[in-house]
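Please read the structure below before turning to the comments.
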Amino acid sequence: MGNNKEYGTPFQREVWEALRRIPKGSITTYGAIAKYLGQPRAVRAVGTAVGRNPFAPEVPCHRVVRADGTIGNYSAGNGVATKIALLEKEGVEISDGKIIEFEKRLYRFEDQ
DNA sequence: CCAATGACTAATC
DNA sequence: CGATTAGCCATTG
């Protein structure tokens with residue numbers, strides 16, 4: 001029977017689609033996603049949408065960190081601890097709650 | 001429709 | 001570095 005449940009609002013789906021583009025071992029920021037979607041000021045809205053990603057960690061919302069290189073939050077699994085564990089598992093080094101070589105790890109969506 | 005709510009950010013102290 | 005403030009925006013009740 002064809003009642004596929006569709007998740008989220010159109011905006012949320014765009015955000016989750018953006019997440020899927022982030023390669024393993026790379027990270028991005030909430031602001032970068034907002035900019036990629038053409039709404040650079042919708043940073044908070046992006047944060048909320050990412051936080052409601054129902055496909056974690058299949059859809060890598062754990063690869064989104066704060067603009068200053070700190071981890072930020074996470075609601076799936078055991079919270080931030082899980083986020084850190086997933087990132088380290090993908091080769092992203094973290095020290096004192098911050099991404100090591102943050103800018104080098106940053107993924108740029110469309111050569112922004 | 002209005003008010004409140006965030007996995008944010010930048011500036012200021 | 002921590003605390004506070006203000007700005008911003010989609011989403012929710």
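Chain A is the first sequence line, chain B the second, and so forth, proteins listed ahead of strands; every chain is numbered from 1. The shown structure was predicted, so the numbers you read here are calculated from the model rather than taken from an experiment.
One interatomic measurement links the two molecules: CD1 of A:I33 to C1' of C:dC8, which rounds to 16 Å at whole-angstrom precision. Going from atom OH of A:Y30 over to atom C1' of C:dA10 covers 16 Å, rounded to whole Å. Separating the CZ atom of A:R52 from the P atom of B:dT5 is a distance of 13 Å, rounded to the nearest angstrom. Here the C1' atom of nucleotide B:dC8 and the CD1 atom of A:I27 are 15 Å apart, to the nearest Å. Rounding to whole angstrom units, CG of residue A:D68 and C1' of C:dG2 are separated by 13 Å. Here C:dC9 presents its P atom at 14 Å from CG of A:L37, a figure rounded to the nearest Å.
A:Y74 comes within 4.0 angstrom of a base, heavy atoms only.
Residues A:P60 and A:L19 share a closest heavy-atom pair of CG-O, 3.2 Å.
Summary of the strand contacts: A:V43 and A:V46 both lie near DNA chain B, and taking for each the nucleotide with the nearest heavy atom, the more 5' one is attributed to A:V46. Where A:A45 and A:D96 each meet DNA chain C at their nearest nucleotide, the meeting point lying more 5' is that of A:D96.
In this structure, A:R41 does not reach the B:dC8 phosphate: none of its side-chain N or O atoms is under 4.0 Å from OP1 or OP2. Applying the 4.0 Å criterion to OP1 and OP2 of C:dA10, one finds that A:Q12 has every side-chain N and O outside that range.
Here the side chains of A:Y36 and A:T28 are not in contact, with every heavy-atom distance at 4.5 Å or above.
For A:F11, the listed nucleotide lying nearest its side chain is C:dA10; candidates were C:dA10, B:dA7, B:dA10. Of the candidate nucleotides B:dA7, C:dT12, C:dA10, B:dA7 has the atom lying nearest to any side-chain atom of A:C61. For A:Q39, the side-chain atoms get nearest to C:dA10 when compared with the rest of C:dA10, B:dT9, C:dT12. Checked against C:dC9, B:dT9, C:dT12, the side chain of A:R44 finds its nearest nucleotide in C:dC9.
With A:H62 as the fixed residue, the side chain to side chain donor-acceptor pair (under 3.5 Å) test singles out one of A:K89, A:E90, A:K83: A:E90. Checking each of A:I22, A:I71, A:L87 against A:I27 for a side-chain contact (heavy atoms from CB on, under 4.5 Å) leaves exactly one that passes, namely A:L87.
A salt bridge links A:E110 with A:R21; the closest basic N to acidic carboxylate O contact falls under 4.0 Å.
Counting distance only, with no hydrogens placed and no angle test, the side-chain atoms of A:T48 and the base atoms of C:dA10 include no donor-acceptor pair under 3.5 Å.
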